[in-house]
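Only one structure is covered here, and it is reproduced in the block below.
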Amino acid sequence: MINPLRGMKDLTFEESQRFNFIVNTATTVAKRYGYNYIETPILEETALFKRSVGESSDIVGKEMYQFEDKGGNDVCMRPEGTAGIVRAFVSAKLDRQPMKQKFYYYGPMFRYERPQKGRLREFHQFGCESFGEASVYEDFTIITMIKQIFDALGIGFELLVNSLGCPTCMPTYRENLVAYLTNIKEELCSDCNRRIETNPIRVLDCKNETCQSLLTASPKLIENLCEECDSDFKKLTALLDKADISYTVDTNLVRGLDYYSKTAFEFVSSEIGSQSAIAGGGRYDRLVEFLDGKPTPAVGFAIGIERIMELVKMPETKREGIYMGAMTQEAVEALFPLAEQKRKESKVTVEYNSKGFKSHMKGADKANARYAVLIGEDELKEGTVWFKDLESKEEKSVLLGEFTFKMHLP
RNA sequence: GUGGACGUAGUUCAGCUGGUAGAGCACCUGUUUGUGGCACAGGUUGUCGCGGGUUCGAGCCCCGUCGUCCACCCCA
């Protein structure tokens, strides 16, 4: 037996239905916010991710599905969505148009990690990217959109926000932080020591308690923002207050990807284990430029579909469609014209095996059908069908040609 | 990449100090040979993850391997 590869998963039945439900719900909301669907390749040049995600992240360093294709190109399965979307945006020269552009996408992402709860090697994200809008109003609007999506899905969450600063205030802060960290180097854990070199901001959200207690006195970016970043962040929190969206300012909140600046946010759930981030995003005003486009402000987010799968409450499934069956083999074929006609408007299941009456009734029940339509010897002789509404329990026999549900059942 | 737990019927699990497997659910068939969801009766299903080893004998012990899960790491 051949099983799926490690960290890859098949989705069937209620799981695939829930998956669809999530995507459909998110799509509906995104469209209402003016987003258009964009589809980009799963395979991209490795250079794209090196330049966008950044070499400091483990994603690029060791988690990418990277290989040489048959034409000798250095390629990667995308580990996240934003880089590809921005690349497409620049490829289409949309950066040269004054129009603002908004895109939503969903699809598989690949990271070669050790699988655990909420972390697969092939996982799916739904995300949105808004280009050309520098106003913090857009950051706020995106947060309200995610809230709407989670509300529609019946998911509870906690919202964390922070500001990562911009090229004006971030580099100085970074230097100060590194200086501070280097001072207490000996007392920090080995992971943090590594991070001082690779990604000092990452030290801030270390889970080690000793590190955290040492960090209480560390310089905080939020207190060292430039005027513009500071005023934007204040505006954002004021808007959230006004909209009655509760949030926590988490000065240790960091985005893992290098391209973020200014607003950063994360939606977390306490109900799904250690991989608690169910959506994350923020502003990335410099990424378009990094990827050879004209400087274009942008803000976006992604939802981890697998991570919210078990949190989603599906609407109750009601009896739906028609089950058709026959008691004698000759009668089975008499069902086909009828089935074809009814399939123009509703779901029809035809049982090809002739079976006893009772066994058909059980079959109809199991198929969760609303109606059972059966033909036995008597019906075949008389040219009629017998049918029953499994919910109201009304039943009737009518001539085949006259058969419609509307006419015969309320 | 690091640390830990676990892999037994379709599924959830039981299996005591080693003697070649069991339960619930699910499924199938019946309970007047034309009335579903309930109840009752009966029935089917396993190379006990895979490969070695120890032993007269292994689902139980040992080693390896693959996989799952949890945490770290990373991140959605």
Side-chain angles (χ1 to χ4, degrees), chain A residues 1-9 12-13 22 53 56-64 78-82 106-127 146 157 189-192 194-195 198-199 202 205-208 253-258 260 265-269 272-282 300-309 319 323 325-328 331 354-372 374-379 386-391 393-397:
Chain A
M1 186 169 54
I2 298 177
N3 287 314
L5 288 169
R6 183 162 207 203
M8 317 256 159
K9 223 184 140 188
T12 52
F13 306 114
I22 291 168
V53 175
S56 67
S57 162
D58 272 7
I59 295 177
V60 167
K62 36 191 173 181
E63 294 175 359
M64 287 206 294
R78 62 181 182 197
E80 58 103 39
T82 305
Y106 66 91
M109 310 292 161
F110 300 84
R111 289 181 202 173
Y112 197 88
E113 301 177 273
R114 188 122 167 218
Q116 71 179 74
K117 194 179 179 68
R119 189 169 79 180
L120 291 158
R121 287 182 174 180
E122 182 188 20
F123 61 101
H124 297 78
Q125 291 187 335
F126 176 95
I146 302 169
F157 59 82
C189 71
S190 57
D191 282 324
C192 284
R194 197 196 67 234
R195 283 186 279 234
T198 58
N199 200 347
R202 270 274 151 198
D205 69 348
C206 179
K207 282 175 188 163
N208 188 310
L253 173 67
V254 168
R255 301 275 73 221
L257 283 39
D258 284 358
Y260 285 105
F265 57 83
E266 203 163 281
F267 287 71
V268 298
S269 166
I272 55 168
S274 76
Q275 306 297 312
S276 59
I278 54 177
F301 74 92
I303 295 176
I305 298 182
E306 280 82 359
R307 290 195 182 169
I308 60 172
M309 279 285 271
R319 286 190 175 281
Y323 172 98
M327 268 78 87
T328 65
S354 63
K355 301 202 262 192
F357 189 89
K358 184 159 186 160
S359 143
H360 274 309
M361 288 306 286
K362 281 190 180 173
D365 194 50
K366 213 153 289 162
N368 207 29
R370 173 74 193 271
Y371 301 99
L374 300 180
I375 299 186
E377 264 180 68
D378 299 345
E379 285 82 8
W386 173 93
F387 66 96
K388 177 170 183 172
D389 182 332
L390 261 28
E391 233 167 64
K393 300 188 199 312
E394 285 177 273
E395 57 180 273
K396 228 173 225 180
S397 281

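Chain A is the first sequence line, chain B the second, and so forth, proteins listed ahead of strands; every chain is numbered from 1.
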Once you apply a heavy-atom cut-off of 4.0 Å, does [X] come out as touching a base, just sugar-phosphate, or nothing?
X	value
A:Gly7	sugar-phosphate
A:Gly273	sugar-phosphate
A:Phe267	nothing
A:Ala364	nothing
A:Arg195	sugar-phosphate
A:Gln275	base

Grab the N/O contacts between the protein and nucleotides 45-48 of chain B below 3.5 Å, and write none if there aren't any.
none

RNA chain B in dot-bracket, Watson-Crick or G-U pairs under 3.5 Å, [ ] crossing, | other strand? (((((((..((((........)))).(((((.......))))).....(((((.......))))))))))))....
Once side chain to side chain contact (heavy atoms under 4.5 Å, CB included) is applied, do any residues pair with [X], and if so which ones, sequence neighbours excluded?
X	answer
A:Glu80	A:Val53, A:Thr82, A:Ala83, A:Arg111, A:Leu257, A:Tyr259
A:Glu306	A:Leu120, A:Phe123, A:His124
A:Arg194	A:Asp191
A:Glu377	A:Thr328

Check the distance between [N]'s [atom2] and [X]'s [atom1] and give it to me in whole angstrom.
X	N	atom1	atom2	result
A:Ile278	B:A76	CD1	P	13 Å
A:Leu120	B:A76	CG	P	15 Å
A:Glu80	B:C74	CD	P	17 Å
A:Arg78	B:A76	CZ	C1'	13 Å

Could you tell me which residues satisfy salt bridge (charged side-chain N to carboxylate O under 4.0 Å, His left out) with [X], sequence neighbours excluded, listed by chain and number?
X	result
A:Lys9	A:Glu15
A:Lys117	A:Glu310
A:Arg319	A:Asp365

Are A:Cys192 and A:Arg195 side-chain neighbours, meaning at least one heavy-atom pair lies under 4.5 Å?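 A:Cys192 reaches A:Arg195 side chain to side chain.
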Hey, are the side chains of A:Leu374 and A:Glu379 touching, using non-hydrogen atoms and a 4.5 Å cut-off?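 No, too far: nothing below the 4.5 Å cut-off.
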In B/S/- notation, 5' to 3', how is nucleotides 1-9 of chain B contacted by protein heavy atoms closer than 4.0 Å? BBBB-----
Within the 4.0 Å limit for protein heavy atoms, which parts of nucleotides 28-35 of chain B are touched? Write it as a string from 5' to 3', B for base, S for sugar-phosphate only, - for none. S--B--BB
Applying ring pair (Phe, Tyr, Trp, His ring centres under 6.0 Å), can you list everything that pairs with A:Phe267, at least two apart in sequence or on another chain?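 Applying ring pair (Phe, Tyr, Trp, His ring centres under 6.0 Å) to A:Phe267 gives A:Phe150, A:Phe157.
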Plane angle bin for A:Phe301 and A:Phe126 - parallel if under 30°, tilted between 30 and 60°, otherwise perpendicular: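 Plane angle between 30° and 60°, so tilted.
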Look at the side chain of A:Arg111 and decide which nucleotide, out of B:G36, B:U68, B:A76, has an atom nearest to it.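 Closest nucleotide among those given: B:A76.
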